[in-house]
Amino acid sequence: MDKLVYLFGGGRTDGSAEMKELLGGKGANLAEMARLGIPVPPGFTITTEVCRYYIEHGGRYPSGLEDQVKEGVKHLEEATGRSFGDPENPLLVSVRSGAPVSMPGMMDTILNLGLNDESVKGLARKTSPRFAYDAYRRLLAMYGSVVLGVKDEGGAGVDPFDAAMEELKRERGAASDLDLTADDLAELVARYKELIRKAGKEFPQDPHEQLWGAIGAVFSSWDNERARIYRRLNRIPDTLGTAVNVQAMVFGNLGENSGTGVAFTRDPATGENRFYGEYLLNAQGEDVVAGIRTPKPISELERDMPQVYRQLLEVREKLERHYRDMQDIEFTIEEGKLYLLQTRTGKRTGFAAVRIAVEMVEEGLITEKEAILRIDPAEQLSQLLQPIFDPAEKAKAKVLAKGLPAGPGAATGRIALTAEEAVRLEKEGQPVILVRHETSPEDIQGMAVAKGILTSRGGMTSHAAVVARQIGKVAVVGCDGLNVDYEKREISAGGVTLKEGDWISIDGTTGEVLEGKVPTMASEVVQVLIEETLAPEEAPVYRLYEKLMTWVDQYRVLGVRANADEPDQARVALAFGAEGIGLCRTEHMFFGEDRIPYVQQAIIGRDPAARKEALERLGKMQAEDFEGLLRVMDGKPVIIRLLDPPMHEFLPKDDAEIAELAKRFGLDKEELKAQIESLHEFNPMLGHRGCRLGITHPDLYDMQVAAIFRAAAALRKEGLDPKPYVMVPLVGHVNEMRAVRERIDEIARRTMEEEGVEIAYKVGTMIEVPRAAITADEIAQAAEFFSFGTNDLTQMTFGYSRDDAGKFIQEYLKSKILPDDPFQTLDRKGVGELMKMGKEKGRSTRPDLSVGICGEHGGESRSVHFCHEIGLDYVSASPYRIPVARLAAAQAALKG
Ligand code: ADP
Ligand code: MG
Ligand code: MG
């Protein structure tokens, strides 16, 4: 650790965009912009290494830092011609946090640092008293809350400095902060100092002391509660640390020829290729984002300051061409001169992600591969499949208000006015719309559980909008017509008052807020592909999806199949690109109203003739099921798993149901009850199920196998090409596989003979018991394909019951005992190792063994990556996850 401080701007730039790990995103990009010749106020960056040192050493700094910071300050003094602490012409700086990955709103920035009671007077003489006291009061407020920790006592979440400002505005009859005079602001300075004193703190007059206080506060903020929650939600490692940027101030609040703004180089909600942003004249820093005044759309800057606007358009071009991605920028105009203060890859909705990626390929900015790698499968691509409001239903609903469309999609739910209430309602299983004046990082958990977010203040770059886009929530922000009354726990808009807990709907594509619960309908993609109610020509979102997915399929190596039991599901799966059925769970076919009695009779019937008849009836119905499925999937493999669950799942539990069943079969009620009880198991998941059942009750499997081949035969006679693969569940020993297989082959042969047709088929097994993975070489002697059943395999590898583990897994995740829920994301080290072993051992016996996965993990991106890495042939996922699996598979292939 030699170099702890990197300079940028003012003619000397040490860092570059490549150095994000060390300089944080903000610092690295400030350096990069300086290199590109974009005007950036000079500054220096203290590295993330220092942060790690600081956290590990209980708030101490590595030796040498002090000197290097001094050098840094000297760089700023030379570049600006001002000096730090000069009472006449003080150098003012901002102290800004900046981690390697952006964490919006997680850590606070301090502006105007370097001012004190003396230099504020000097500044007033040099500029204007109003400006100087405005700068000073901002410093006091930021320093007071961020560094000195002066917070609201009452716990209502109101910043005491904001409250003092509101109070003074009321006293002076001022509508906005712009209406306050220099004297008013000087008065505010006095009140702010009083607030700080009352809290038992003191604002340091020495600029160097201010600087070190601020640096320490930024480093400490890496470890605060909200930063930690954010990192957990976004899987950001705690060890990254943040950098600190110290930068010469430029002022957007020097009058009407100055201003500040934020912009995106493309529309972050829709992805449209247009410059998109907001600004305020005579304002500083976060004023635009904080929703204090309503900002103006960037297009108006063309009239307000045509030159600056043109210059900004040039910067936009330059940045997009250089970074080859949509950028989110901050700028400040000081007396007609433009400065860039930040650029970073802009957060965007799923719609925007797909549109920008596809259009950038068409513009020749990026390659198809890059486009594929840029889209998050689960968070972004899947947004394109989510429902929208049914226009007919929406037309009937009352529009209460209109805000800014910050996160597209449709959401309907119960109103929650606080994050806590949102969390509480969600726990009750209620859909929630979180409604706030504006959101802040404290609300993050409420936002995460809400279906949608609605705010009355703030623009498209407010906290609510930025976070909603990132976590893929429907959002409407800055809804002026909406009144939120936290005290009365109600909201009102368009002449309607709604209580907390009432239903409300928001359309994040149009910004409309609607009364009540508005029914939704399928997304554009689903309308075109599945419902076939929309033509591709009329579906721009679909066309982007289609283009992207064509590229995806060119690069992907893994096959993608579907977990589907019914023809309708199979049709959906096909439309989404499934190349076969990886898992048909036959037990799902047993639960229908018209079937369960026969299932019950087949299980408990004492009379062999009646049992046989029940099985025959079931066989007919199963044959129809299989015929439907095989017909839809004609020419593609369809893996049908024989019955898996324990038998008592099909039997009634309470007395009345048992009585009814007894009556139906003419049995004695008590006797039936005893029989059902005899089937009871203490641990059914490890009990009499899967192939164990097939071996002790062969007639059940016989019936299913005969049905499969009867169905295939019927289709073959129609000239179709059915490909039935029979899969045996829960095999742990090769002898189980042999026993079941023998019978399957026998029934298959007999059925085909009866039907007079030959059908090529395969018999394979689930690998879901650890012993099966360990002895896979033996099992492969009798099995022609493997499919990892990772739900059971995870359950049995960890020894966690799938049905009961929820409680402690949540605890485990919080305390980081487990990095992820292994039922959601495949556990590479344990379960994954078994899979690797199973695949390798299996192939050692049978080199052409087909190996796939059909557990829930087959539709989860990171698990799909793993399956690619270990060389599986395919993943199988539920129909709506198939696009996600295809994209994840392509990404895995491209990342190699
Ligand atoms: P965040 O990460 O929350 O966006 P920033 O460090 O980017 O925090 O700063 C907050 C606000 O202050 C931004 O609007 C930024 O443009 C502004 N700002 C930061 N440093 C300066 C500076 N040196 N001069 C003028 N404005 C600044
Ligand atoms: Mg901030
Ligand atoms: Mg910023």
Side-chain angles (χ1 to χ4, degrees), residues 8-10 23-30 33-34 39-46 72-73 76 79-80 82 84 90-115 131 134-135 138-139 141-143 145-146 211 214-215 217-218 221-222 226-227 230 242-254 258-264 277-280 282-292 295 327-335 337-347 440-441 459 461-463 465-467 470:
F8 61 82
L23 304 181
K26 202 178 282 168
N29 284 327
L30 281 166
M33 285 198 289
V40 168
F44 61 87
T45 305
I46 308 174
V73 171
L76 301 194
T80 59
R82 296 183 190 146
F84 202 48
L91 163 69
L92 302 190
V93 300
S94 63
V95 176
R96 321 171 65 186
S97 61
V101 282
S102 82
M103 294 175 48
M106 285 295 118
M107 283 173 286
D108 292 294
T109 289
I110 295 157
L111 303 179
N112 309 330
L113 192 136
L115 272 179
F131 167 75
D134 189 41
R138 286 173 195 264
L139 170 62
M142 287 185 260
Y143 204 92
S145 74
V146 178
L211 179 60
I215 292 171
V218 172
S221 75
W222 177 253
R226 59 191 216 211
Y230 185 88
T242 180
V244 176
N245 300 287
V246 179
Q247 188 173 25
M249 285 301 302
V250 287
F251 299 103
N253 51 340
L254 275 170
S258 301
T260 180
V262 292
F264 293 87
E278 292 158 337
Y279 72 102
L280 279 172
N282 200 6
Q284 187 175 36
E286 309 238 293
D287 289 359
V288 173
V289 193
I292 293 165
Q327 296 293 298
D328 167 359
I329 62 175
E330 290 173 4
F331 62 90
T332 284
I333 304 155
E334 184 183 86
E335 304 199 300
K337 185 161 169 17
L338 174 72
Y339 293 94
L340 269 285
L341 285 156
Q342 190 168 337
T343 188
R344 60 182 166 199
T345 300
K347 299 269 185 274
S440 73
T461 49
S462 63
H463 180 266
V466 170
V467 174
Q470 184 174 11

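Reckoned from all heavy atoms, side chains included, excluding hydrogens, waters and symmetry mates. First listed ligand is number 1; within each ligand, the first listed atom is number 1. Bear in mind that the values here come from a model prediction, so they are computed numbers and not experimental data.
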Set of ring-ring contact (aromatic ring centres under 6.0 Å, His included) partners for Tyr339, sequence neighbours left out: none

Looking at side-chain heavy atoms only, is the closest gap between [X] and [Y] below 4.5 Å?
X      : Y      : answer
Gln327 : Thr345 : yes
Thr45  : Leu30  : no
Phe84  : Leu113 : yes
Met33  : Phe8   : no
Leu111 : Met142 : yes
Ile333 : Tyr279 : no

Between [X] and ligand 1, find which residue part has any heavy-atom pair under 4.0 Å and reply side chain, backbone, both or neither.
X      : value
Leu111 : side chain
Lys26  : side chain
Met249 : both

Contacts of the Mg ion (ligand 3) with protein N/O/S atoms, counting only those under 2.8 Å: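 Sorted hits: Glu330 OE2, Gln342 OE1.
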
Between Asn112 and Gln284: side-chain donor-acceptor atoms closer than 3.5 Å: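 Distance-only check passes for Asn112 and Gln284.
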
With heavy atoms of [X] as the reference, note each atom of ligand 1 found under 4.0 Å away.
X      : answer
Ala248 : 22 (C), 23 (N)
Gln342 : 4 (O), 7 (O)
Val250 : 24 (N), 25 (C)

Ligand 1 and [X], any nitrogen or oxygen pair closer than 3.5 angstrom?
X      : answer
Thr109 : yes
Ser94  : yes
Arg96  : yes

Those residues that, when tested against Glu334, pass side-chain hydrogen bond (donor to acceptor under 3.5 Å, both in side chains) (two or more places apart): none

Residues which pass side chain to side chain contact (heavy atoms under 4.5 Å, CB included) with Thr332, listed by chain and number, not counting sequence neighbours: Val250, Thr260, Leu341

